[in-house]
Every structure is written in C-alpha cells, then in structure tokens.
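One structure is given below, encoded as structure tokens.
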2 protein chains.
Amino acid sequence: MSDHQLHEALEMLRESGVRITPQRHAVLEFLIKSMTHPTADDIYKALEGKFPNMSVATVYNNLRVFREIGLVRELTYGDSSSRFDCNTSEHYHIICSSCGKIVDFHYPSLEEVESLAEQVTGFDVSHHRMEVYGTCDGCKKVKQH
Amino acid sequence: MSDHQLHEALEMLRESGVRITPQRHAVLEFLIKSMTHPTADDIYKALEGKFPNMSVATVYNNLRVFREIGLVRELTYGDSSSRFDCNTSEHYHIICSSCGKIVDFHYPSLEEVESLAEQVTGFDVSHHRMEVYGTCDGCKKVKQH
DNA sequence: TAAACTAATTATAAAGATTATAAAGTAATA
DNA sequence: TATTACTTTATAATCTTTATAATTAGTTTA
C-alpha cells in the first residue's frame, strides 16, 4: 500500500525534474510510512542514524520541495512547530488536546461552507481547513485514575 | 458598540481579580477596536507611541492573561506569528492567501462533524476549528492588471 | 497614612523553529 | 572531460515567544 504511494511520489518528483537523492528519498519514505504527522525535527532525529552527516536544513529544504510540488501538506497548530502530512487525499484531522495525537477521519467535503463564504465575503475560495479537538481514548483513561 | 464590549471585558478582568493597568487597558482597547486580527508585534508597534517604555513581554503577558480568562482567542495560521481575536462569539474566518487579510463570516456550527468524529475516533470532542482560504476582492483586481 | 504584600512591568537573556548564505559535493549534460 | 545546475552541509542569522531577575506600581492592612 504505502510502497505504491512511495512509487507514485517518486514518479511525481521525476516529472517535476527534482533529483532523487538518498536523503530526499529517505525523508519521503519516512513521511509516507509514518502514520503520525511528524515535525521536521522528528524526521531529522529518525534519520540521523542512517545519515549521520545530514543537516536539519536538508530536511527543511526537502519538505519545502515536497510542499511546492503538492506532495505534502504543512499543518500548523498552536504548538511551536509545523507538522507534515503526506496523505494528500481529502481528509480531516482530530487532535488530542492532552497528548497531541493526531488521527485522520473522513467526512464529505464542506462545499456548502465554501460557497456561502464566497457569497458573503466576495472572495474567490480556493480551499478550507478544519480540525476537531478533544481527548483521545488513552488520555481519557489516564484521567479517570 | 465596541465601547460596550470594552466595558464588559474590563468587568470580566475585575471579576477575575486581574489588575487593570494602563498598559493592559491599552492592549485590550486596541484589540477590541481593531477590526483586523493583530499579531503581538502589531499591538506592540501600535502602542509604542503612547507607551515608549513598554516591553514586548508586557504585550505577550497581557495576551496570555486575556486568553486564560477567555477574553481573546489565539489564531495560529500558516504564517510565523499568532494572531489575536477579541470576538469570542461563534464565527469563522476567511483568509486571503495573497495579502493575509482576515474577514469574519457566520455559519451555523458544524455539530454534525463533531459528533461523527466522536463516533469514528472514540475521542471526547471539545471543539473544532475551521477556516476558508481564497483571494480577496482587492487582490483579485490587482491580479487582473 | 505608612508599611507590607502582591502583581505587573521592564530589560534582558534564552530557547526554539525556521531561513539564509557560502562552500563543497554530486549528478546530468554537452 | 568540462561545464552547468542542483543538492547538501555547516554555520550564522532571524524571528517569535518564553523565562528570569530587578524594579516599579497598585492594593491591603495595621
């Protein structure tokens, strides 16, 4: 499943004329295989075993390249650092206010909101973003004790 | 209108046992009267004429106090710095991807999304957040030329 | 009102995330 | 092979936000 996704992503890079270096490949692979939504630092730490000389700047550079191509989305929440999401298919996120865990969920796209906003404000709407916040199962149990 | 809002906000501060200092009053007043959603730095710059000795830390301190009381909401968008919104009534934002302008709009709360997310993920949902992105009227015109 | 206490402000430093720059390395192409 | 463009590394710089300590100001109490 994620192998197929990786393959497609590499294809997109090639088509865009972006070189596929070992570091770039590793960052991409880690992003696709990770089910969490890692920060740049998460990725850096995860790969420093394999690439002891890799610089943080390389992680950021590659994430920027991926974002520009449309391969990843950058998620900015309240906390200090951005998170990166490789799943570009339509989905929303629910975030645990207690431990920061992020879980995907699906819901039909909120087109009605977009068209209303367009009418009311006179903007040309391109997209929207929505997240739900709450307490995850694990944190609920911890709180009960 | 905003005088009334300022009065109510000051009342809330008093009830919470928070001192109303000149700087605090000025930050609050600026937030309420400004129709934009300023960053901490915007506020700092706007008030440095009146309070030449005011420190940035004071602005942040006061914003934190206001947030803790529930007087303002902190908005974290893609750009580097947080924005602060004094309008605590239910509403959503539409943001211009080109110039960063933020406009409020109203829409019935998305309770259905919250309850579905709750069922699917097992979270206890507390709230959600949604923004619409697009191009504002001004920027549309600029682009046409 | 004066003394004591508490909270707020200032000035400054520190932390953390991200971006910029220059030099060195690597791949692609003619 | 020589040239070119792209990528990485190392490092410094920037920017936002938080932390700390000292000072100031406001509030309470005697």
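These numbers come from a predicted model, not from an experiment. Note on naming: letters A, B, ... go to the chains in the order of the sequence lines (proteins, then strands), and numbering restarts at 1 for each one.
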Exercise. Is A:Ser81 near enough to C:dG16 that one of its side-chain N or O atoms lies under 4.0 angstrom from OP1 or OP2?
Worked result: no
Exercise. Taking only residues two or more places apart in sequence or in another chain, which ones pass ring pair (Phe, Tyr, Trp, His ring centres under 6.0 Å) with B:His91?
Worked result: B:His93
[X]: side chain to side chain contact (heavy atoms under 4.5 Å, CB included) partners, not counting sequence neighbours:
X        : value
B:Lys140 : A:Asp124, B:Thr135, B:Asp137
A:Tyr60  : A:Ala40, A:Val56
A:Ser81  : A:Thr39
A:Ser115 : none

Exercise. Where along residues 56-63 of chain A does a heavy atom come under 4.0 Å from DNA chain D, residue by residue in number order?
Worked result: A:Ala57, A:Thr58, A:Asn61, A:Asn62
Problem set entry | Positions of residues 45-53 of chain A (non-hydrogen atom under 4.0 Å from DNA chain D), listed by number | A:Asn53
Exercise. Base, sugar-phosphate, or nothing: which does B:Thr39 touch, judged by heavy atoms less than 4.0 Å apart?
Worked result: nothing
For this session: Tell me, please, which residues at least two apart from B:Arg24 pass side-chain hydrogen bond (donor to acceptor under 3.5 Å, both in side chains).
Result: B:Asn62
Exercise. For A:Glu11, what residues pass the side-chain hydrogen bond (donor to acceptor under 3.5 Å, both in side chains) criterion, not counting sequence neighbours?
Worked result: A:Arg14
Problem set entry | Check: A:Leu28 and A:Leu71 side chains under 4.5 Å, non-hydrogen atoms | yes
Seminar exercise, completed: Tightest non-hydrogen contact, residues A:Ser98 and A:Cys139, listed as OG-SG, 3.4 Å
Seminar exercise, completed: For B:Leu6 and B:Ile32 the tightest heavy-atom approach is CA-CD1, 3.5 Å
For this session: Name the first nucleotide and the last nucleotide along DNA chain D (5' to 3') that come under 4.0 Å of a heavy atom in chain A.
Result: D:dA5 to D:dA10
Problem set entry | Whole-Å gap separating P (C:dT26) and CD1 (A:Ile20) | 18 Å
For this session: Mark yes or no for whether B:Ser16, through its side chain, and B:Val18, through its backbone, hold a donor-acceptor pair below 3.5 Å.
Result: no
Problem set entry | Residue pairs fulfilling ring-ring contact (aromatic ring centres under 6.0 Å, His included) with at least one residue in residues 98-136 of chain A, sequence neighbours excluded | A:Tyr92-A:His128, A:His127-B:Tyr133, A:Tyr133-B:His127
Exercise. Is any NZ, NE, NH1 or NH2 atom of the basic residue among B:Asp3 and B:Lys33 found under 4.0 Å from an Asp or Glu carboxylate oxygen of the other?
Worked result: yes
Would you tabulate the nitrogen or oxygen pairs shorter than 3.5 Å linking the protein to nucleotides 2-7 of chain C?
residue, atom, partner, partner atom, Å
C:dT6, O2, B:Arg19, NH2, 3.0
C:dA7, O4', B:Arg19, NH1, 3.1
C:dA7, O4', B:Arg19, NH2, 2.9

